[in-house]
A.B. asks: 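Could you have a look at this structure, given as structure tokens, before my questions?
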Amino acid sequence: MARFSRESRLGFVGAGRVGCSLAAALSTAGYPVAAAASRAFDSARRLARLAPDAVAYRTPQEAADRVDILFVTTPDDAIRQVASDIRWRAGQGVVHCSGVASLDVLAAPVAVGAVPGAFHPLQAVSSAENGVESLPGATFGIEAEGEMRSYLSEAAEAIGANPIFLRAEDKPIYHLTGVLMGNLLTALGAVSAQLWETFGFSRAEGVKALAPMMRQVSVNLDASGVPGAVAGPYVRGDAGTVRKHLDALAERAPQYLPLYCELALAGLPFALERGPIDERRAAEIRKMLEEFREGPPSPNHPQPETNQGEQPKCA
Ligand SMILES: NC(=O)c1ccc[n+]([C@@H]2O[C@H](COP(=O)([O-])OP(=O)(O)OC[C@H]3O[C@@H](n4cnc5c(N)ncnc54)[C@H](OP(=O)(O)O)[C@@H]3O)[C@@H](O)[C@H]2O)c1
């Protein structure tokens, strides 16, 4: 008989955004979420409200003693210590949700016969109360062997997510893609909105104007992929437009020139793949971006040709 199944009782230590969201999602999918603990008892009680069959305990040990699989959903830096402080039973499951940490942070439970796994939602889970809504459709990066691997894969599917399997050595680069798409895209959104203050609007107005565009970018990327979803002046080869951007940035917010230029340079190969920009126009734009990346060039810098006869289009 399988050691881990849909009947296995689950517990959570660390009742924050991911712990609460995952407990709620698994509970809704019919998995028995039986126990919760956290640093603060109130946090454990919050998780227990979101997963109705769960009981909140004051210590991780009390929660661990009552379950077959314990999810350690603390911040990454606390996982090893929290896992080391618990007395595990041989055959008990222990799972963390970090995307970058490997199974080695679970060395202490493994040493006494516990079965490890890592179960990482590739998602920006921003709230304990409402994060559950963001899990269906997300990809879950799984590192585990044997029965734990099958169990976590089925659990991801049960909550409407997409499981993938990762090797320990690939996790930092895998996780970095999530940070680029989540945290650093948010930083790019913040910079873009901040620039609205340079032409008389507030940053909040910038967010309001740009967020629908960000949503549509995601829809386009999902629907058309790369390079199909790549759009804007780079794909068209509008060197004159790019030059205007660079001049405006040099005048109003030169601190963002390196960021803009690096991003545009990184995107040029995909614009070329998509077209109609050709290699000659791309080389001209590349040269401009490389110059401005180092700071605004001298005032007599030659202007690029603009595309003759083309109608201006929106980004
Ligand atoms: N947020 C995301 O978008 C996201 C996405 C994917 C994966 N993850 C991963 O999920 C895990 C949890 O992240 P999170 O964002 O949910 O963090 P979080 O919201 O900060 O929640 C962590 C929870 O752990 C509790 N905690 C901290 N130290 C503890 C300890 N020593 N013992 C027991 N409980 C402790 C916290 O304390 P209190 O009891 O004081 O509340 C808090 O409720 C991390 O491994 C993270 O890498 C996060």
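Values reported hereafter were calculated over all heavy atoms of this structure, with side chains retained and with hydrogens, waters and symmetry mates removed.
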A.B. asks: Check the surroundings of atom CG in Asp77: do more than 12 heavy atoms from other residues, nucleotides or ligands lie under 6.0 Å from it?
C.D. replies: no

A.B. asks: To the closest 0.5 Å, what do you measure between OG1 (Thr198) and CG (Leu249)?
C.D. replies: 8.5 Å

A.B. asks: With side chains defined as the heavy atoms from C-beta onward, is the minimum distance between Leu188 and Leu263 less than 4.5 Å?
C.D. replies: yes

A.B. asks: Quick check: does any side chain N or O of Ser8 sit under 3.5 Å from a backbone N or O of Ser5, one acting as donor and the other as acceptor?
C.D. replies: yes

A.B. asks: Apply salt bridge (charged side-chain N to carboxylate O under 4.0 Å, His left out) to Glu133 and list each qualifying residue two or more places apart in sequence or on a separate chain.
C.D. replies: none

A.B. asks: Could you label the plane-to-plane angle of the Tyr260 and His245 rings as parallel, tilted or perpendicular, counting under 30° as parallel and over 60° as perpendicular?
C.D. replies: perpendicular

A.B. asks: Nearest 0.5 Å please: distance from the OG atom of Ser102 over to the CZ atom of Arg167.
C.D. replies: 12.0 Å

A.B. asks: Quick one: does any side-chain atom of Arg6 pair with a main-chain N or O of Tyr31 as donor and acceptor, under 3.5 Å?
C.D. replies: no

A.B. asks: Looking only at non-hydrogen atoms, find the nearest pair between Ala138 and Leu122 and report the distance.
C.D. replies: CB-O, 4.3 Å

A.B. asks: Which heavy atom of Ala15 sits nearest to which heavy atom of Ser43, and what is that distance?
C.D. replies: CB-O, 3.2 Å

A.B. asks: What is the distance from atom CD of Glu154 to atom CD of Glu157, rounded to the nearest 0.5 Å?
C.D. replies: 7.0 Å

A.B. asks: What pair of heavy atoms forms the shortest contact from Val94 to Pro109, and how long is it?
C.D. replies: CG1-CB, 3.9 Å

A.B. asks: Any side-chain to backbone donor/acceptor pair from Arg46 onto Cys20? Under 3.5 Å, distance only.
C.D. replies: no

A.B. asks: Is any side-chain heavy atom of Val242 closer than 4.5 Å to a side-chain heavy atom of Met288?
C.D. replies: yes

A.B. asks: Does the side chain of Phe140 reach to within under 4.5 Å of the side chain of Leu22, using non-hydrogen atoms?
C.D. replies: yes

A.B. asks: Just by modelled atom types, is the Gly14 backbone N or O under 3.5 Å from a matching donor or acceptor in the Thr73 side chain?
C.D. replies: yes

A.B. asks: Of the options Arg3, Gln92, Arg9, which is the one that meets Asp68 in a side-chain hydrogen bond (donor to acceptor under 3.5 Å, both in side chains)?
C.D. replies: Arg9

